[in-house]
Participant: 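Here it is, the structure in full.
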Amino acid sequence: MATPEKGSEALRSLADRSRFSVWNTDKLRLADVDHQGHVNNAVHAVLYTNGRYQFFRQHVRPHVAKTDPFAMVKMTIEYLSEMHYPGEVEIGTLIRRVGRSSITFGQGMFKDGRCVAVSESVMVLLDPVTRRAKPLPPEAVTQLERFVDAAMSD
C-alpha cells in the first residue's frame with residue numbers, strides 16, 4: 001500500500017478536484033457565518049464529517065460489523081481561502097492510506113469551482129469491548145483499496 005506524501009505540499013495536492021471520484025454536496029447556512037462574515041472554521045470540520053459519513057455509510061459500513069465503532073484519532077485542515085454564505089460546497093473524499101486498523105482520508109472542499117480547504121483525517125476501527133484498535137476485515141480493506149488516490153502510487 002502506498003504511504004501518504006509528506007508535509008503541507010502533500011495536503012495541498014488535495015486541492016486538485018480531478019483526484020476525487022466520490023462527492024458530497026452541502027448547503028451553507030446563515031448560522032455558519034462568524035463575526036467577520038466568513039463561514040466559521042469550525043463549520044469546515046462539520047462539512048468534512050458529512051462527506052466522510054456519506055463515504056463511510058456507502059463504502060465501509062457494509063463490510064464492518066455494525067457493533068464495531070470507529071474513532072477519529074487525527075484531523076488536519078488547511079484553509080486555502082475565505083468562504084462566504086450563501087451557496088453550496090462540494091466535498092471530495094478519497095482514501096490516502098489503508099492501515100492494519102486505520103483509514104486515512106483525504107478531502108477537498110470546493111465552492112464556486114475553487115478549492116477553499118483541504119483535509120486529512122485518520123479513523124481507527126475499535127473492538128467494542130476492549131475499546132482498543134482491531135484489524136479491518138479483509139473485505140473492508142478490499143473495498144477501501146478501490147478508492148486509494150491514484151496519484152499516491154505515481
Participant: Is there a side-chain contact between Pro62 and Glu139 in this structure, where contact means two heavy atoms from C-beta onward sitting under 4.5 Å apart?
Facilitator: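 Sidechains of Glu139 and Pro62: no contact.
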Participant: When the side chains of residues 44-51 are checked against the rest of the protein, which donor-acceptor pairs come out under 3.5 Å, sequence neighbours left out?
Facilitator:
unit_1, atom_1, unit_2, atom_2, d
His44, ND1, Asn40, O, 3.3
Tyr48, OH, Ala117, O, 2.8
Tyr48, OH, Val118, N, 3.2
Thr49, OG1, Ala45, O, 2.8
Thr49, OG1, Arg52, NH2, 3.1
Asn50, ND2, Asp26, OD2, 3.0

Participant: Are Met75 and Val124 linked, directly or through other ILVMFWY residues, by side chains that come within less than 4.5 angstrom of each other?
Facilitator: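 Different clusters.
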Participant: Within this structure, what is the CG-CD distance for the pair Asp112 and Glu88, rounded to the nearest 0.5 Å?
Facilitator: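 Going from CG on Asp112 over to CD on Glu88, the span is 10.0 Å.
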Participant: Compare every heavy atom of Arg100 with every heavy atom of Ala133, then report the nearest pair and how far apart it is.
Facilitator: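 In this case the closest contact between Ala133 and Arg100 is O-NH2, 4.5 Å.
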Participant: Can you pull out every ring-ring contact (aromatic ring centres under 6.0 Å, His included) where at least one residue sits in residues 114-135? Sequence neighbours excluded, please.
Facilitator: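 As it turns out, there is no ring-ring contact (aromatic ring centres under 6.0 Å, His included) pair with a partner in residues 114-135 once direct neighbours are skipped.
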Participant: Can you tell if the side chain of Leu28 reaches within under 4.5 Å of the side chain of Met83, non-hydrogen atoms only?
Facilitator: yes
Participant: Can you list every salt bridge (charged side-chain N to carboxylate O under 4.0 Å, His left out) pair that touches residues 61-72, not counting sequence neighbours?
Facilitator: Asp68-Lys134
Participant: Within a 6.0 Å radius of atom OH on Tyr79, are there more than 12 heavy atoms belonging to other residues, nucleotides or ligands?
Facilitator: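 Buried by this count: over 12 neighbours within 6.0 Å.
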Participant: What's the shortest heavy-atom distance between Asp32 and Lys27, and which atoms?
Facilitator: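 Here Asp32 and Lys27 meet closest at OD2-O, 4.5 Å.
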Participant: Which pair of heavy atoms, one from Cys115 and one from Ser81, lies closest together, and at what distance?
Facilitator: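 It is O-OG, 3.9 Å.
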Participant: Just so I know, are the side chains of Phe105 and Ile95 near enough to count as touching, which here means a heavy-atom distance under 4.5 Å?
Facilitator: yes
Participant: Is there a continuous path of hydrophobic side-chain contacts, each under 4.5 Å between heavy atoms, that joins Val98 to Leu126?
Facilitator: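 Looking at the clustering, Leu126 is in a separate group from Val98.
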Participant: How about Ser119 and Met109: do any of their side-chain heavy atoms sit closer than 4.5 Å?
Facilitator: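 No. Closest side-chain heavy atoms not under 4.5 Å.
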Participant: Given the rule that I, L, V, M, F, W and Y join up when any side-chain heavy atoms are under 4.5 Å apart, are Ile77 and Val122 in one cluster?
Facilitator: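 No, no single cluster joins them.
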Participant: Can you sort out the partners of His63 under ring-ring contact (aromatic ring centres under 6.0 Å, His included), two or more places apart, ordered by chain and number?
Facilitator: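 None.
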Participant: Measure the CD-CG distance between Glu120 and Leu14 for me, rounded to the nearest 0.5 Å.
Facilitator: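 If we round to the nearest 0.5 Å, Glu120:CD and Leu14:CG are 7.5 Å apart.
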Participant: Look at the side chain of Lys111 and the backbone N and O of His84, then say whether any donor-acceptor pair between them is shorter than 3.5 Å.
Facilitator: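 Here the side-chain-to-backbone pair exists.
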Participant: Is there a side-chain contact between Leu11 and Thr76, using heavy atoms and a 4.5 Å cut-off?
Facilitator: yes
Participant: How far does CZ of Arg146 sit from OG of Ser21, to the nearest 0.5 angstrom?
Facilitator: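 Rounded to the nearest 0.5 Å, the CZ-OG separation comes out at 8.5 Å.
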Participant: Group every Ile, Leu, Val, Met, Phe, Trp and Tyr by side-chain heavy-atom contacts under 4.5 Å, then state whether Val43 and Met72 land in the same group.
Facilitator: yes
Participant: Could you check whether any side-chain heavy atom of Phe20 comes within less than 4.5 Å of a side-chain heavy atom of Ile91, counting everything from C-beta outward?
Facilitator: no
Participant: How long is the straight-line distance from CE of Met123 back to CD1 of Ile103, given to the nearest 0.5 Å?
Facilitator: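 The CD1 atom of Ile103 sits 7.5 Å away from the CE atom of Met123.
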Participant: Considering residues at least two apart in sequence or located in another chain, which fulfil the side chain to side chain donor-acceptor pair (under 3.5 Å) criterion with Thr93?
Facilitator: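 Thr93 satisfies side chain to side chain donor-acceptor pair (under 3.5 Å) with Gln107 only.
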Participant: Evaluate the side chain to side chain contact (heavy atoms under 4.5 Å, CB included) criterion for residues Leu125 and Val64: first the C-alpha distance (whole Å), next the side-chain angles of each, then the deciding distance (0.1 Å), finally the verdict.
Facilitator: CA-CA 9 Å; Leu125 179 63; Val64 177; 3.7 Å; yes
Participant: Could you tell me the separation between the OG1 atom of Thr104 and the CG atom of Leu94, rounded to the nearest 0.5 Å?
Facilitator: 11.0 Å
Participant: Does Leu136 reach the side chain of Val60, with side-chain heavy atoms less than 4.5 Å apart?
Facilitator: no
Participant: Among all residues two or more places apart in sequence or in another chain, which pass the side chain to side chain donor-acceptor pair (under 3.5 Å) test with Asp16?
Facilitator: Ser18
Participant: Using a 4.5 Å cut-off on heavy atoms from C-beta on, say whether the side chain of Arg17 contacts that of Glu90.
Facilitator: yes
